[in-house]
2 protein chains.
Amino acid sequence: MWERSLPQALASISSQSGPAPRTVVENGAESASVAGIDDVAQAAGVSTATVSRALRGLPNVSEATRLRVLAEAARLGYVPSPSAASLATGRTRTIGLLTPWVNRWFFSNVIEGAERTLRGLGYDVLLYTFEVKQSATRRRVDPNVLRHRVDGTLVVGLPLDDDEVRSLVDLGRPLAFVGSGPADQVTARLDDVSTGREATRHLLDLGHRCVGHVTGVPDLVSSWSPPAERSHGYTLELADAGIEPDPELVVNGDFDVQGGRESTLGLLRRRPDVTAVFAASDEMAMGAMLAARDLGLDVPGDLSVIGVDGHDLAELVGLTTMAQDAYQQGADASLLLMEMISGAPVPASLTYPTELVDRGSTAPPRAPEAA
Amino acid sequence: MWERSLPQALASISSQSGPAPRTVVENGAESASVAGIDDVAQAAGVSTATVSRALRGLPNVSEATRLRVLAEAARLGYVPSPSAASLATGRTRTIGLLTPWVNRWFFSNVIEGAERTLRGLGYDVLLYTFEVKQSATRRRVDPNVLRHRVDGTLVVGLPLDDDEVRSLVDLGRPLAFVGSGPADQVTARLDDVSTGREATRHLLDLGHRCVGHVTGVPDLVSSWSPPAERSHGYTLELADAGIEPDPELVVNGDFDVQGGRESTLGLLRRRPDVTAVFAASDEMAMGAMLAARDLGLDVPGDLSVIGVDGHDLAELVGLTTMAQDAYQQGADASLLLMEMISGAPVPASLTYPTELVDRGSTAPPRAPEAA
DNA sequence: CGGAGGTGTGGGAGCGCTCCCTGCCGCAAG
DNA sequence: CTTGCGGCAGGGAGCGCTCCCACACCTCCG
């Protein structure tokens with residue numbers, strides 16, 4: 001038979017009942033089954049129901065009993081099984097986080113904010129990435145993967161079509177969006193139209209009249225997507241300044257450095273009269289700066305560039321930008337999700353400010369417009 | 001009404017709000033409780049055991065029966081419950097991913113590689129971040145959070161102490177490391193000593209003799225951590241060149257832009273004779289470039305800077321670097337974990353190459369060393 | 001022609017919790 | 001002395017799967 005360890009011997013003394021608890025993993029060698037709730041119950045001399053109540057802080061447990069249970073649980077190294085709890089309750093204490101990328105500034109910051117917040121509240125984060133590529137249609141979001149698996153879903157900057165949104169809603173679990181979301185869903189985001197206007201106005205105020213715009217992926221743009229709204233702001237602001245928006249000045253930068261670079265390259269070659277570019281993200285803006293360099297153009301001398309985000313490296317490259325707090329949006333959206341799970345009323349949406357941070361990549365055009 | 005504070009949110013979460021509604025809205029008409037395995041069994045006219053076998057592709061099911069079960073399952077929209085399956089099997093088809101950050105280049109790329117790979121193999125990724133700060137001691141890794149919850153653990157660039165490693169090993173589940181790991185554990189990583197040597201040699205070859213080094217957090221540095229090994233490579237290479245390593249030339253940049261900037265600032269003020277800096281990451285290298293700019297120094301004229309990583313934005317800022325493939329390391333380590341789970345033998349460790357990419361932030365020192 | 005071995009299937013006991021329901025006890029009110 | 005009630009606690013039926021075992025049937029071979 002087995003050797004009983006000291007703690008176990010103590011246990012069977014303190015609990016008047018004879019049978020020994022199952023063995024516990026102590027430092028190292030002896031292999032043993034992990035302590036279950038019944039072991040704790042036995043050790044504490046109470047029923048499993050009482051252990052369950054005590055450990056979860058539910059009422060109807062005397063303080064003395066609770067302390068005894070807590071002590072025994074700690075001593076036995078008891079860790080409840082989430083699977084069993086989920087099966088019994090139907091809740092998982094897990095949030096599904098859907099996002100196209102994790103290696104982009106906005107997304108990684110939102111994810112970090114969400115993860116920290118949710119973990120602080122005892123929730124796990126299940127990560128699902130859905131690559132969004134310019135050409136290829138991405139894998140569709142399959143709600144069944146989430147079914148039975150999460151208590152709520154956080155959609156981070158993922159442009160979903162109506163069917164996908166509906167299928168997520170039909171899961172019957174709380175759902176929140178960050179960065180962009182349908183009007184009738186809980187969303188944490190910027191006022192993208194205003195942001196677009198403000199960025200454009202900054203360029204116009206400097207005297208630019210031929211302002212290009214690098215935006216996101218056109219076919220993935222739903223009416224509620226940030227690139228669409230930022231573009232809209234751009235158009236509105238131009239109109240306000242009495243400038244006819246020219247579709248030829250708007251290019252698709254695919255929301256990354258490379259795309260921003262290539263699209264801007266095309267734009268500048270086609271339209272050498274462009275003196276300023278508003279990019280819908282800092283990463284595309286950096287691409288635009290690279291494009292300028294490729295063409296031997298000086299920034300901001302020959303080309304002014306403004307982005308959106310407040311990327312960590314924007315300072316290094318001297319990029320003027322409309323800065324936002326992505327981490328906070330992730331954290332707050334998580335809180336909203338928690339509220340929804342607990343049945344509390346939540347605001348339909350949270351709007352975050354952007355701040356113009358001038359780092360020198362914008363300046364007045366070199367010479368007054370000729371034509 | 002959006003006035004609730006965090007503690008309140010917690011309170012209302014932990015008090016459960018009644019049994020979860022078990023009905024689901026189907027497309028339109030009939031609202032029904034979610035189909036379970038028994039419903040499928042009944043519809044297909046077989047037992048639950050057969051449905052389970054059929055759906056999981058196990059043998060001992062005739063092809064005809066399998067097809068019938070598959071059809072009924074699809075028709076009923078049956079989705080198996082992972083909790084129930086986990087409870088019954090003890091496996092979770094989930095991997096725990098431990099990392100200090102998600103918004104840093106190396107980490108986000110590893111995470112993306114791991115997530116894509118694991119999802120492709122039908123595994124979920126549970127994200128756990130453990131913030132590593134220079135001063136504050138980070139939250140310790142608690143293996144109990146993982147217990148019953150994951151089939152394996154992937155530790156990404158997280159410097160763990162021996163106790164923490166042992167506690168993870170004691171979970172009895174496969175464990176793999178990316179970026180850094182104890183010698184006796186499965187690890188995907190660079191040859192950091194060589195990388196450090198090569199970077200340093202590049203600077204020495206250019207003629208530099210007073211080479212600074214920006215490394216990571218000192219008190220978190222275990223012998224197997226990348227910063228330690230890169231530093232070691234730096235020291236070895238200097239020695240090979242007959243240069244006495246000077247501790248004063250090594251500063252701590254905390255692995256981010258800001259830290260790299262401040263530490264380099266301090267270094268350059270203290271030692272104006274420094275003509276080149278080897279930073280253990282691109283982000284710190286960019287900080288070093290900012291520091292040079294702060295002091296009115298030209299890069300590479302007055303100061304050469306080389307980093308490690310191959311950051312997406314290194315090209316934009318013209319940073320010479322030792323490029324590595326972080327995504328692949330995440331993907332490969334995931335594969336190793338899968339192998340370990342299936343009981344296959346795996347190599348003790350995978351080593352990845354780095355490639356010197358010269359982008360112009362390094363050059364010969366302006367003038368031959370005087371003193 | 002009998003038994004061995006293989007294939008397809010059903011029955012049902014768990015897995016480790018949660019939570020409804022019941023019961024006991026002590027105390028205050030009627 | 002009842003009755004009622006609130007605070008504690010235990011019993012036990014699930015939750016929805018998996019997997020061991022039993023069994024029926026078929027084929028093959030000595």
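Order of the sequence lines fixes the chain letters, A, B, ..., with proteins taken first and strands second; residue numbering starts at 1 for each chain.
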*asked:* Can you list everything that forms a side-chain hydrogen bond (donor to acceptor under 3.5 Å, both in side chains) with R149(B)? Sequence neighbours excluded, please.
replied: D124(A)

*P80(B) near the nucleic acid: base, sugar-phosphate alone, or nothing, with a heavy-atom cut-off under 4.0 Å?*
sugar-phosphate

*How many Å lie between CG on D39(B) and C1' on dC15(D), as a whole number?*
14 Å

*OP1, OP2 of dT18(D) versus side-chain N and O of T89(B): anything below 4.0 Å?*
no

*In whole Å, what is the span from the NE2 atom of H148(A) to the P atom of dC17(D)?*
7 Å

*Would you call R68(B) and E72(B) a salt bridge, using N to O less than 4.0 angstrom?*
no

*Quickly work out the R147(B) CZ to dG16(C) C1' distance and round it to whole Å.*
15 Å

Could you write out each protein N or O paired with an N or O of nucleotides 7-13 of chain D at a distance under 3.5 Å?
{"unit_1": "dA9(D)", "atom_1": "OP1", "unit_2": "S62(A)", "atom_2": "OG", "d": "3.2"}
{"unit_1": "dA9(D)", "atom_1": "OP1", "unit_2": "T65(A)", "atom_2": "OG1", "d": "2.5"}
{"unit_1": "dA9(D)", "atom_1": "OP2", "unit_2": "S62(A)", "atom_2": "N", "d": "2.8"}
{"unit_1": "dG10(D)", "atom_1": "OP2", "unit_2": "S47(A)", "atom_2": "N", "d": "2.7"}
{"unit_1": "dG10(D)", "atom_1": "OP2", "unit_2": "S47(A)", "atom_2": "OG", "d": "2.9"}
{"unit_1": "dG10(D)", "atom_1": "OP2", "unit_2": "T50(A)", "atom_2": "OG1", "d": "2.6"}
{"unit_1": "dG10(D)", "atom_1": "N7", "unit_2": "R53(A)", "atom_2": "NH2", "d": "3.2"}
{"unit_1": "dG10(D)", "atom_1": "O6", "unit_2": "R53(A)", "atom_2": "NH1", "d": "3.3"}

*For F177(B), all residues meeting ring pair (Phe, Tyr, Trp, His ring centres under 6.0 Å), sequence neighbours excluded*: none

*Nearest-Å distance, CD (Q42(A)) to C1' (dG16(C))?*
15 Å

*Side-chain N or O of R91(A) closer than 4.0 Å to phosphate OP1/OP2 of dT18(C)*: no

*Within this structure, what is the CG-to-C1' distance between L55(A) and dC19(C), rounded to whole angstrom?*
16 Å

*Rounded distance in Å - CG (L87(B)) to C1' (dG14(C))*: 9 Å

*dG16(D) P sits how many Å from R56(B) CZ, rounded?*
17 Å

*asked:* Using whole Å, what does the distance between atom P of nucleotide dG14(D) and atom CG of D38(B) come to?
replied: 13 Å

*Contacts of type side-chain hydrogen bond (donor to acceptor under 3.5 Å, both in side chains), residue R166(A), not counting sequence neighbours*: D163(A)

*Please identify each residue that fulfils side-chain contact (heavy atoms from CB on, under 4.5 Å) with A41(B), with sequence neighbours left out.*
T48(B), V51(B)

*Of all residues at least two apart in sequence or in a different chain, which pass the side-chain hydrogen bond (donor to acceptor under 3.5 Å, both in side chains) check with S52(A)?*
R56(A)

*Looking at L118(A), V150(A), D151(A), which hits side chain to side chain contact (heavy atoms under 4.5 Å, CB included) with T94(A)?*
V150(A)

